[in-house]
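One structure is given here, and the rest of the page talks about it.
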2 protein chains.
Amino acid sequence: MIRLSRKSDYGLVALKALRALQPGDAMSARELSLQLDLPTDMTPKVLAKLAQAGLIESLMGKTGGYRLARLAEDISVAEVVRVLDGEPGLAPCREGILECHRIETCDIKHPLDNLHREVMLVLSRMSIAQL
Amino acid sequence: MIRLSRKSDYGLVALKALRALQPGDAMSARELSLQLDLPTDMTPKVLAKLAQAGLIESLMGKTGGYRLARLAEDISVAEVVRVLDGEPGLAPCREGILECHRIETCDIKHPLDNLHREVMLVLSRMSIAQL
DNA sequence: CTAAACTCGGACCAGAACGGTCGCATATCG
DNA sequence: CGATATGCGACCGTTCTGGTCCGAGTTTAG
């Protein structure tokens, strides 16, 4: 239910690298891959997701690349995770494995929900700039 | 890197159910499965892990079953997660994917480590009794 | 205008992890 | 002694993720 996969890691290190650029400059996916030792063709995928979510912007063409679309201070870890690993949902009520008509189940659902929300809050408080 | 799988859910609901027992009473794995709609033979596995970690104790024999080994107030969610899903490790330095001799990598490692620690802290603050 | 370098997007594959099951040994109570 | 419980280890099927490949559309350089 709460999952921070490797993709999120990649995204975070990439964003951190983009942050070090001069304003106006862009960095290509391949440069990022080489510099950060990320899997060759994984980087474009991760960056594409971040781009279409509006966290970074992509510049096409020969001198293209990626750069932050916002201030690093305004990009939270939670947002990156949500984009790359999806909104983490609770297992219990998602698949119907634990049926919700059971009292015990719904007794447990809300607390787990709170738990989850609290974790995301922690992630929300940390920005790329703080990494 | 942080992963709360379904097993953890199962463990948490089971512990919550065990908490409702009268002191001295025990509840069999099958009873728990039926009452909580958990997968038939998943429950013993989860309970076995919790037992060997000392969170609950098992009573063998005909009238056997499981019961809490400690007060519900003293069992944290973090502990349950750690037992059932293992100590969550950081991806970057675990598999050598991001080599640690790279400065960028080790710049990112510690902050991610802190992040992770903070999340576990949140889980530590919530006990079974509070669910 | 052509060529090169880049992003975009989808299709694709292998491997690991997870959820779930079975069976046998062992211990307890009646 | 027999019935019933856990303990534990071996065992699959499926899903998901990480990772790769390729074609299409775009922009700049020459």
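Chain identifiers are assigned alphabetically (A, B, ...) following the order of the sequence lines, protein sequences preceding nucleic acid strands; residue numbering begins at 1 within each chain.
Atom pair A:Asp9:CG and D:dG18:C1' shows a separation of 12 Å (rounding to whole Å applied). If you take CG of B:Asp25 and P of D:dA5, they are 16 Å apart, rounded to a whole angstrom. At whole-Å resolution of the value, CZ in A:Arg6 and P in D:dC16 are 18 Å apart. As a whole-Å value, the separation of B:Leu32 CG from D:dT6 C1' is 13 Å. Here D:dT4 presents its C1' atom at 13 Å from CD of B:Glu31, a figure rounded to the nearest Å.
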Could you write out each protein N or O paired with an N or O of nucleotides 10-12 of chain D at a distance under 3.5 Å?
{"residue": "D:dA10", "atom": "N6", "partner": "B:Lys45", "partner atom": "NZ", "Å": "3.0"}

Taking N or O atoms only and anything under 3.5 Å, show me the protein contacts with nucleotides 1-8 of chain C, one pair per line.
{"residue": "C:dC6", "atom": "OP2", "partner": "A:Arg30", "partner atom": "NH2", "Å": "3.3"}
{"residue": "C:dC6", "atom": "O4'", "partner": "A:Gly61", "partner atom": "O", "Å": "3.3"}
{"residue": "C:dT7", "atom": "OP1", "partner": "A:Ala29", "partner atom": "N", "Å": "2.7"}
{"residue": "C:dT7", "atom": "O3'", "partner": "A:Ser58", "partner atom": "OG", "Å": "3.4"}
{"residue": "C:dC8", "atom": "OP1", "partner": "A:Ser58", "partner atom": "OG", "Å": "2.2"}
{"residue": "C:dC8", "atom": "OP2", "partner": "A:Tyr66", "partner atom": "OH", "Å": "2.2"}

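Taking the screw axis at each terminus of the helix from C:dC1-D:dG30 to C:dG30-D:dC1 from five consecutive base pairs, the angle between the two is 10° to within rounding of 10 degrees.
Under the salt bridge (Lys or Arg N to Asp or Glu O under 4.0 Å) criterion, no residue pair touches residues 119-131 of chain B, with sequence neighbours excluded.
For C:dG20, the OP1/OP2 oxygens have a side-chain nitrogen or oxygen of B:Tyr10 closer than 4.0 Å.
The closest side-chain heavy-atom distance from A:Met42 to A:Lys7 is below 4.5 Å. By the 4.5 Å heavy-atom criterion applied to side chains, A:Val119 and B:Leu123 are counted as neighbours.
Summarising the geometry of B:Asp85 relative to B:Ser5, their closest heavy-atom pair is OD1-OG, 2.5 Å, with the distance given to 0.1 Å.
Annotation: side chain to side chain donor-acceptor pair (under 3.5 Å) contacts of B:Ser58 (sequence neighbours excluded): none. Residues satisfying the salt bridge (charged side-chain N to carboxylate O under 4.0 Å, His left out) criterion with B:Arg70, sequence neighbours excluded, are B:Glu79. Under the side chain to side chain donor-acceptor pair (under 3.5 Å) criterion, B:Ser33 pairs with B:Thr43, not counting sequence neighbours.
The line from CG of A:Leu18 to CD1 of A:Ile128 is 9.5 Å long, rounded to the nearest 0.5 Å.
Here D:dT17 is the nucleotide among C:dT21, D:dT17, D:dT20 with the atom lying nearest to any side-chain atom of A:Ser5. Counting only heavy atoms from C-beta on, A:Asp41 has its side chain closest to D:dC21 among C:dG20, D:dC8, D:dC21.
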Solution key, residues 19-30 of chain B side-chain donor-acceptor pairs under 3.5 Å, sequence neighbours excluded:
{"residue": "B:Ser28", "atom": "OG", "partner": "B:Arg30", "partner atom": "N", "Å": "3.4"}
{"residue": "B:Ser28", "atom": "OG", "partner": "B:Glu31", "partner atom": "N", "Å": "3.1"}

Which donor-acceptor pairs under 3.5 Å do the side chains of residues 45-57 of chain B make with protein atoms, sequence neighbours left out?
{"residue": "B:Glu57", "atom": "OE2", "partner": "B:Arg67", "partner atom": "NE", "Å": "2.8"}
{"residue": "B:Glu57", "atom": "OE2", "partner": "B:Arg67", "partner atom": "NH2", "Å": "3.4"}

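In this structure, the side chain of A:Gln35 does not engage the main chain of A:Leu32 through any donor-acceptor pair within 3.5 Å.
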